[in-house]
S.K.: 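Here it is, the structure, as structure tokens.
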Amino acid sequence: MYAILETGGKQYRVAEGDVITVEKLPGEAGDVIEFDKVLLISDGGEVKVGSPYIDGAKISGEIIETGKGKKVIVFKYKSKKDYRRKQGHRQPFTSVEITSLTGKPGARKSAPKAEATDNTEEKQDAQSSAVNMNMKKEELIAVANEQGIEVDPKATKAEIIEMIENASK
């Protein structure tokens with residue numbers, strides 16, 4: 001069983017017993033911490049994906065240590081200008097051992113998907129019949145003729161759209 005969690009703006013794939021290094025978290029060594037931003041849980045063939053997070057899923061872990069990472073040198077230099085700046089940086093981190101994954105993996109419900117596809121089909125139908133400025137002039141004339149509106153071929157797109165909208169009101 002594994003899960004994908006989000007913390008510190010990053011995503012981590014974890015399983016029970018894993019030790020991960022994350023951005024610094026509040027707490028000291030030995031403290032128990034819970035992650036509730038779980039994006040995915042998988043148990044063999046069953047996968048549950050959140051939108052964006054899974055409700056009721058939690059990942060528990062124990063803080064092993066907090067510290068600073070390796071030093072990174074930031075060196076700014078401009079040639080011929082006698083400009084040099086050297087600065088170091090050590091990013092703080094927290095090591096966490098994952099103790100438990102809670103949340104039931106399972107297949108997604110198919111009913112909401114069916115409703116979603118019906119809604120998208122209705123939206124596509126509405127969009128195809130709707131008139132907008134992105135349509136070509138010939139398309140607008142064809143839509144007007146379908147609705148029984150006579151349109152001057154020399155009319156601009158804006159005039160044609162206005163005629164169609166006035167006729168539909």
S.K.: Give me the one residue out of Val143, Leu140, Thr156 that meets side-chain contact (heavy atoms from CB on, under 4.5 Å) with Ile161.
M.R.: Leu140
S.K.: What is the minimum heavy-atom distance between Ile41 and Ala3, and which atoms define it?
M.R.: CG1-CB, 4.2 Å
S.K.: Looking only at heavy atoms, which two atoms of Ser42 and Val47 are closest? And how far apart?
M.R.: OG-CG2, 3.7 Å
S.K.: Working to the nearest 0.5 Å, report the span between CZ of Arg85 and CZ of Phe75.
M.R.: 10.0 Å
S.K.: Any chance you could measure Glu139, atom CD, to Ile160, atom CD1, to the nearest 0.5 Å?
M.R.: 11.5 Å
S.K.: Would you mind reporting whether Val151 and Ile149 have side-chain heavy atoms less than 4.5 Å apart?
M.R.: yes
S.K.: Look only at the side chain of Arg90 and the backbone of Lys70, and say whether a donor-acceptor pair between them is shorter than 3.5 Å.
M.R.: no
S.K.: Distance from Ile33 atom CD1 to Ile63 atom CD1, nearest 0.5 Å?
M.R.: 4.5 Å
S.K.: Check whether any side-chain heavy atom of Ile98 sits under 4.5 Å from a side-chain heavy atom of Ile59, and report yes or no.
M.R.: yes
S.K.: Which value, rounded to the nearest 0.5 Å, describes the distance between Asp55 atom CG and Asp36 atom CG?
M.R.: 10.5 Å
S.K.: For Arg84 and Tyr77, which heavy atoms make the closest approach, and how far apart are they?
M.R.: NH2-CE1, 3.4 Å
S.K.: In this structure, which one of Lys24, Glu65, Glu28 forms a side-chain contact (heavy atoms from CB on, under 4.5 Å) with Thr94?
M.R.: Lys24
S.K.: Which pair of non-hydrogen atoms, one from Ile64 and one from Ala29, has the smallest distance, and what is that distance?
M.R.: O-CB, 3.4 Å
S.K.: What distance do Leu40 atom CG and Tyr2 atom OH have between them, rounded to the nearest 0.5 Å?
M.R.: 5.5 Å
S.K.: Which atom pairs, donor and acceptor, lie under 3.5 Å between side-chain atoms of residues 6-23 and protein residues at least two apart or in another chain?
M.R.:
unit_1: Glu6; atom_1: OE1; unit_2: Tyr53; atom_2: OH; d: 3.2
unit_1: Lys10; atom_1: NZ; unit_2: Glu23; atom_2: OE2; d: 2.8
unit_1: Asp18; atom_1: OD2; unit_2: Ala15; atom_2: N; d: 2.9
unit_1: Glu23; atom_1: OE1; unit_2: Gln91; atom_2: NE2; d: 2.9

S.K.: Rounded at 0.5 Å granularity, tell me how far OG in Ser100 sits from CE in Met1.
M.R.: 9.5 Å
S.K.: Between the main-chain N or O of Ala155 and the side-chain N or O of Lys137, is there a donor-acceptor pair closer than 3.5 Å?
M.R.: yes
S.K.: Look at atom NZ of Lys157 and say whether more than 12 heavy atoms of other residues, nucleotides or ligands are closer to it than 6.0 Å.
M.R.: yes
S.K.: If you count the non-hydrogen atoms of other residues, nucleotides and ligands that lie under 6.0 Å from CG in Asp152, is the total more than 12?
M.R.: yes
